[in-house]
Amino acid sequence: MFLSVFDLFKIGIGPSSSHTMGPMTAAARFLDEILGGDWPRPAGAKVDRVGASLHGSLAYTGVGHGSDRAVVLGLTGLTPVTVDPDTSDAIVEQIGRDKHVSPPGHPSYRFDPAVDLVLDKKTPLLGHANGMAFYAYDGGDRLLLKRIYYSIGGGFVVSEEELQRMKAKSATPAAGKRVPYPFANAVDMLAMASRSGLSIAEMKRANEETQMPRADLDAGLDAVWDAMSRCIDRGLSQDGIMPGGLKVRRRARQLHDKLQEQWSQNRPNPLLANDWLSIYAMAVNEENAAGGRVVTAPTNGAAGTLPAVLRYWLHFHVEADKDSIRDFLLTAAAVGGIIKTNASISGAEVGCQGEVGSASAMAAAGLCAVMGGTPEQVENAAEIALEHHLGMTCDPVGGLVQVPCIERNALGAVKAVTAASLAIKGDGKHFVPLDAAIETMRQTGMDMSEKYKETSLGGLAVNVVEC
């Protein structure tokens with residue numbers, strides 16, 4: 001099944017694509033179901049009250065990831081694209097006082113977040129670790145409608161029925177027209193590149209242009225990079241304590257100022273490129289932790305790795321231009337689509353190897369491509385980056401996307417550049433295929449204890465407190 005570049009790169013808000021953007025999107029879907037869904041409506045019954053329950057990982061780390069706020073905002077009719085991060089707190093506070101939501105096109109519904117929004121840690125929903133249920137009641141509190149949704153990573157949301165169909169067909173939720181290069185794995189991708197003589201970016205572009213005109217595709221790619229770049233710049237301009245209670249201080253601005261000083265004084269710094277990479281990545285993930293505007297790449301928790309590598313490309317390579325940015329994003333999306341199709345990009349499903357590991361592989365592929373790498377070298381770069389994230393757990397301290405997530409993105413960016421550099425110096429031949437690394441990630445995720453999958457029940461999430 002076809003995954004668009006814009007399925008991997010979604011513009012939204014932090015701190016989590018699975019825990020913030022997913023629940024907000026699910027709430028909006030539920031509102032649509034209330035009005036136009038195919039469900040039996042008792043004669044004369046009208047929806048008067050709505051509610052929701054979060055389960056599994058969403059329950060364990062929902063408050064730290066803003067899942068509760070996301071549901072409230074979604075039930076007002078807002079989406080990750082339309083919500084303004086600067087006004088969201090005021091909206092949530094207002095709903096808490098009014099105990100009603102009034103989404104556009106709907107009557108006002110009773111909804112008291114303190115009562116009608118439940119974080120249920122005792123009742124997992126069996127389809128996926130990120131499960132949630134929404135309810136609609138009449139004036140006598142009779143249940144009229146219940147819908148279950150799953151947030152499966154990267155802002156993707158599927159219903160219970162859609163998830164069952166996906167599992168039955170071993171497919172992703174995205175569908176579209178037939179495409180000229182329908183590669184579902186790296187072996188097919190390389191074979192198609194060899195037969196066609198096209199680069200991975202050119203094949204991905206040809207696929208995308210079956211869905212939209214070239215001008216729209218380029219405008220969309222430019223908008224994605226603009227949002228990423230603005231996020232870096234805003235992160236570099238902010239300081240202070242990030243929300244959530246851990247009292248973690250922003251560091252990107254201070255480190256950026258020091259680097260700028262060294263740059264202006266021409267001080268020798270053998271680690272200069274690594275320092276810039278780290279600062280760019282940290283700037284994005286500090287913005288994400290604060291609930292700012294970010295782009296899934298492929299998730300919010302891993303949103304800083306790819307933009308950092310792309311900004312590094314523009315900073316240190318004189319040949320960088322707008323077309324190379326587009327090729328970078330197209331190549332990265334091609335690799336990200338293969339990973340999502342054959343494994344997962346959800347930390348709640350396979351741990352952080354599926355988030356930062358996938359992001360690093362995507363960034364390595366994109367950088368290798370714009371540096372002139374062949375399809376075989378690009379595949380090698382992605383494999384190197386992913387291989388050296390295998391087994392990484394997701395263990396956010398306090399359920400917040402701060403420790404160790406912010407620095408992990410920085411190190412993921414460094415690994416991506418290193419992987420691209422190693423790959424482009426070779427001939428594309430290597431021992432471990434990318435498909436094998438992806439399958440290993442999937443199997444490792446299946447074997448991984450649930451306490452290491454975004455539940456904050458193991459790893460640093462418990463040991464930092466004890467230390």
Side-chain angles (χ1 to χ4, degrees), residues 1-12 17 153-156 172-177 179-186 188-190 192-193 198-212 214 216-229 294-300 302-310 313 322-346 354-370 373 375 378-379 381-383 385-386 412 416 420 434-435 438:
M1 301 291 283
F2 175 71
L3 275 172
S4 170
V5 61
F6 304 115
D7 289 325
L8 277 301
F9 301 125
K10 298 185 181 77
I11 300 173
S17 49
F156 287 91
T172 62
K177 303 176 184 177
V179 296
Y181 304 102
F183 51 83
N185 53 55
D188 289 347
M189 180 179 70
L190 292 180
M192 291 178 190
L198 299 177
S199 69
I200 293 171
E202 288 169 335
M203 291 193 299
K204 182 63 175 168
R205 175 176 284 278
N207 288 346
E208 295 288 338
E209 288 179 0
T210 65
Q211 315 293 308
M212 68 191 77
R214 173 166 293 208
D216 291 348
L217 173 61
D218 286 343
L221 293 170
D222 294 345
V224 165
W225 170 240
D226 181 66
M228 289 178 173
S229 187
V294 297
V295 180
T296 62
T299 68
N300 281 27
T305 296
L306 190 145
V309 175
L310 193 40
W313 163 248
K322 181 174 286 189
D323 286 338
S324 69
I325 294 172
R326 294 167 179 167
D327 286 345
F328 187 112
L329 293 173
L330 288 166
T331 306
V335 169
I338 291 172
I339 295 172
K340 178 166 174 54
T341 298
N342 296 288
S344 175
I345 58 172
S346 170
E355 297 204 32
V356 173
S358 298
S360 186
M362 292 165 64
L367 180 61
C368 186
V370 296
V378 169
E379 185 261 0
E383 185 280 323
L386 182 60
L434 175 59
D435 288 333
I438 293 172

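- Contact check for D222 versus R326: side-chain heavy atoms found under the 4.5 Å cut-off.
- L221 is not listed as a side-chain neighbour of I325, based on a closest heavy-atom distance of 4.5 Å or more.
- When all heavy atoms of A206 and Y181 are compared, the pair lying nearest together is CB-CE1, 3.8 Å.
- Side-chain contact between M228 and L306 is present, with heavy atoms from C-beta onward closer than 4.5 Å.
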Take V309 and F328, measure what side chain to side chain contact (heavy atoms under 4.5 Å, CB included) needs, and give me the verdict at the end.
CA-CA 10 Å; V309 175; F328 187 112; 3.9 Å; yes
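- Between P375 and V378 there is no side-chain heavy-atom pair separated by less than 4.5 Å.
- In this structure a side-chain-to-backbone donor-acceptor pair under 3.5 Å is missing from S229 to D226.
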Begin with the C-alpha distance, continue with both residues' side-chain angles, and end with the deciding distance and a verdict on side chain to side chain contact (heavy atoms under 4.5 Å, CB included) for E208 and D216.
CA-CA 10 Å; E208 295 288 338; D216 291 348; over 6 Å; no
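- Between M362 and P298 there is a side-chain heavy-atom pair separated by less than 4.5 Å.
- You'll find the side chain of E202 stays beyond 4.5 Å of the side chain of L330, heavy atoms only.
- Judged by distance alone, the side chain of T296 and the main-chain N or O of L8 form a donor-acceptor pair under 3.5 Å.
- Of the possible polar contacts, none joining the S360 side chain to the V356 backbone as a donor-acceptor pair under 3.5 Å is found.
- Here CG of L329 is found 9.5 Å from OG of S324. Values are rounded to the nearest 0.5 Å.
- Closest approach of A223 to I11, counting heavy atoms only: O-CD1, 4.0 Å.
- Side-chain atoms of D188 do not come within 3.5 Å of backbone N or O of P182 as any donor-acceptor pair.
- Residues L386 and A361 approach most closely at CB-CB, 4.0 Å, considering heavy atoms.
- For the atom pair N185 CG and D435 CG, the distance stands at 4.5 Å (nearest 0.5 Å).
- Scanning for side chain to side chain contact (heavy atoms under 4.5 Å, CB included) contacts around A333 gives V5, F9, K204, with sequence neighbours left out.
- Formation of a donor-acceptor pair under 3.5 Å by the E355 side chain with backbone atoms of T299 is not found in this model.
- Smallest separation of non-hydrogen atoms from S346 and S344: N-OG, 3.0 Å.
- Of the inter-residue distances, the one linking I200 atom CD1 with E379 atom CD reads 8.0 Å to the nearest 0.5 angstrom.
- With T331 contributing its side chain and G366 its backbone, the two residues share no donor-acceptor pair below 3.5 Å.
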The test is side chain to side chain contact (heavy atoms under 4.5 Å, CB included); show your working for K10 and F156 and say whether it passes.
CA-CA 10 Å; K10 298 185 181 77; F156 287 91; 3.3 Å; yes
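- Contact record, A359 with A297: CB-O, 3.4 Å, taken as the closest heavy-atom pair.
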Hey, mind stepping through L198 and M192 against side chain to side chain contact (heavy atoms under 4.5 Å, CB included) and telling me if it holds?
CA-CA 8 Å; L198 299 177; M192 291 178 190; over 6 Å; no
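- Residues F2 and D7 have side chains not in contact (no heavy-atom distance under 4.5 Å, counting atoms from C-beta outward).
- Here the closest heavy-atom approach between residue P180 and residue N207 is recorded as CD-OD1, 3.3 Å.
- Taken from OG in S358 to CD1 in I339, the straight-line distance is 4.0 Å, to the nearest 0.5 Å.
- Note: T341 OG1 to L3 CG = 4.5 Å, rounded to the nearest 0.5 Å.
- Side-chain contact between F6 and L217 is present, with heavy atoms from C-beta onward closer than 4.5 Å.
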